[in-house]
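Notes follow once the structure below has been shown.
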Amino acid sequence: QQFGQQQYGQAQQYGGLPAGAAVAAGGGSVEQLVPVQLVGRLIGRGGAGIKELREASGATIKIESECVPGTDQRRLIISGTPQQTQVAHSLVQTRLAMGP
């Protein structure tokens with residue numbers, strides 16, 4: 001299942017799916033770029049934020065430690081069942097919409 005602009009259009013300014021993400025065949029994995037200034041919003045103090053996102057969605061969520069070359073963005077990778085990835089992506093977009 002692909003996540004479209006209609007579903008998550010509000011978060012497009014923060015690297016929402018159509019511009020910065022790829023959905024693998026079968027919908028089990030989603031990648032998107034997250035501006036480095038917003039990564040802390042996802043990770044949280046001591047990793048509490050990302051742990052909460054993982055537990056709430058059941059998905060595996062990884063944020064690469066280095067920026068994508070030539071950008072100030074880090075790659076976010078969400079994997080799991082299609083339902084888990086959808087829930088995780090929705091939670092991530094909600095967090096990103098809060099700003100830095």
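Predicted model, so just to flag it, every value in this text is computed and none were measured. Just so it is clear, the values below take in all heavy atoms, side chains as well, and ignore hydrogens, waters and symmetry mates. Position 1 is the first residue of the sequence, and the numbers go up from there.
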At what distance, to the nearest 0.5 angstrom, does CE of M98 lie from CG of L42?
10.5 Å
From Q84 atom CD to H89 atom NE2, the distance as rounded to the nearest 0.5 Å
15.5 Å
Among L76, V87, V30, I50, side-chain contact (heavy atoms from CB on, under 4.5 Å) partner for V92
L76
Tell me, please, which residues at least two apart from E52 pass side chain to side chain donor-acceptor pair (under 3.5 Å).
R95
Pairwise distance CD(Q83) to CD(Q86) - rounded to 0.5 angstrom:
7.5 Å
Measure the CD1-CD distance between I78 and E31 for me, rounded to the nearest 0.5 Å.
10.0 Å
Hydrophobic clustering (ILVMFWY, side-chain heavy atoms < 4.5 Å, transitive) - are V36 and L33 grouped together?
no
Report yes or no: does R41 contribute a side-chain atom to a donor-acceptor pair with the main-chain N or O of G99 at less than 3.5 Å?
yes
Evaluate the criterion side-chain contact (heavy atoms from CB on, under 4.5 Å) for residue pair I63 and V39; output intermediate values, then yes/no.
CA-CA 8 Å; I63 301 173; V39 170; 4.0 Å; yes
Atom pair OG1/CG of T60 and L53 - distance to nearest 0.5 Å:
12.5 Å
Distance-minimising heavy-atom pair for R74 and E64
NE-O, 2.7 Å
Judged by atom type as modelled, is there a donor-acceptor pair below 3.5 Å linking the side chain of T94 to the main-chain atoms of S90?
yes
Atom CD1 in I43, atom CD1 in I61: separation rounded to 0.5 Å?
11.5 Å
Judged by atom type as modelled, is there a donor-acceptor pair below 3.5 Å linking the side chain of T85 to the main-chain atoms of P82?
yes
